[in-house]
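Any value given below was found using the heavy atoms of this structure, including those in side chains, with hydrogens, waters and symmetry copies removed. Counting convention: from 1, in listed order, for ligands and their atoms alike.
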Amino acid sequence: MENVNIFRAQEKRYKCPGDLVPDLSEVLDTRDPNSYGYDCLQTIRPDVFIYSKVPGLIILRNCVSPHLQKYLLEEIMFGQLQDAKNKTNLSPFYKLPLETDSIWRRYYDGKESDLVEGIPPTKPATVDRLIQKKLRWITLGEQYDWTEKVYPDPSLSPPFPRTLANFVEDLVQSYTDYRKWKAEAAIVNFYSPSDTLSAHVDKSEEDLTLPLISLSIGLDCIYLIGGSSRSEVPMALRLHSGDVVIMAGPSRQAFHAVPKILASTTPSHLLTESDQWNRWIRTKRINFNIRQVRNS
Ligand SMILES: O=C(O)CCC(=O)C(=O)O
Ligand SMILES: [Fe+2]
């Protein structure tokens, strides 16, 4: 029988309020050769690792260049977030201004105290609160429906952003056996230091053997990944800005979670001359979680 408490105990172990740091002594950090479990890592190319305890998982250390990290963040905030076709967790609850008057644009231009009307019974909220706290995800390409847990008719979806697709398709081709893998949908997760993502398996895609690829930008996090049930003890991995994880093979259907975002770990290359940008990025981890949805 599944003992859900085994995974949950590890989530509890790392989860702690905001700026506090949990005990990292059993967390694998690919940037620290003295860290726990480092000797179990196998280097298959410089900066590319596999880990015997999680078959199929590929860790690409520092794989997204600083330039591309910034480009992807700017494209999300100044581009995709302004387009009503890309759904966010806020879409059903607020009358969001879009295009050049988007909540991001207002925030960025110093109008963070502006109120945005809620769709009743949701109360209005300031632009600052929406950007800093309430925006948790946006979908790109095929728009996953979180309520029905399905991907609706693809002909209604906006196209998948090309730069991001080219980048991850090359990685999947280089490091897995899937030569024709296509980026069709992404969930972009925004986390602040007190946010967590609880244990789950992503299983709405048609072919659950096709790899899933995940880019981390901004604050470091602790990422847990176990096996096919919550009874297996997960490994804890510290992910840094620029790291990529490919969940291929058995790891594609493994339980995983993000119990902790580590405050004050933003790399300086993500800062700009804008105070508003810096105030936002200093307290965020942004995860691009990319899938092929359809059977090839
Ligand atoms: O934030 C992460 O690294 C993982 C996100 C995730 O598992 C998901 O979006 O399904
Ligand atoms: Fe996931």
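- Closest to atom 3 (O) of ligand 1 by heavy atom, among Arg285, His256, Arg291, is Arg285.
- Heavy atoms of Trp137 stay at 4.0 angstrom or farther from ligand 1.
- Under the 3.5 Å distance criterion, the side-chain polar atoms of Ser174 are matched with a main-chain donor or acceptor of Asp170.
- Asp202 has its closest N, O or S atom to the Fe ion (ligand 2) at the position named OD2.
- Heavy-atom proximity to Tyr191, at under 4.0 Å, picks out these atoms of ligand 1: 1 (O), 2 (C), 4 (C), 5 (C).
- Under a 3.5 Å cut-off, the side chain of Asn89 and the backbone N or O of Lys134 do form a donor-acceptor pair.
- Between the side chain of Ser102 and the backbone N or O of Gln82 there is no donor-acceptor pair closer than 3.5 Å.
- Neither the backbone nor the side chain of Leu239 has any atom closer than 4.0 Å to an atom of ligand 1 (non-hydrogen atoms only).
- Taking a cut-off of under 4.0 Å to the non-hydrogen atoms of Asp202, the atoms of ligand 1 that pass are 10 (O).
- Within the cation-pi definition used here (under 6.0 Å to the ring centroid, within 45° of the axis), Arg105 does not qualify as a partner of Phe78.
- Considering only non-hydrogen protein atoms, atom 9 (O) of ligand 1 sits nearest to Asn189 ND2, 2.9 Å.
- No side-chain donor-acceptor contact under 3.5 Å links Asn5 to the backbone of Arg8.
- The residues Glu142 and Arg291 are annotated as not salt-bridged, no charged nitrogen and carboxylate oxygen being separated by less than 4.0 angstrom.
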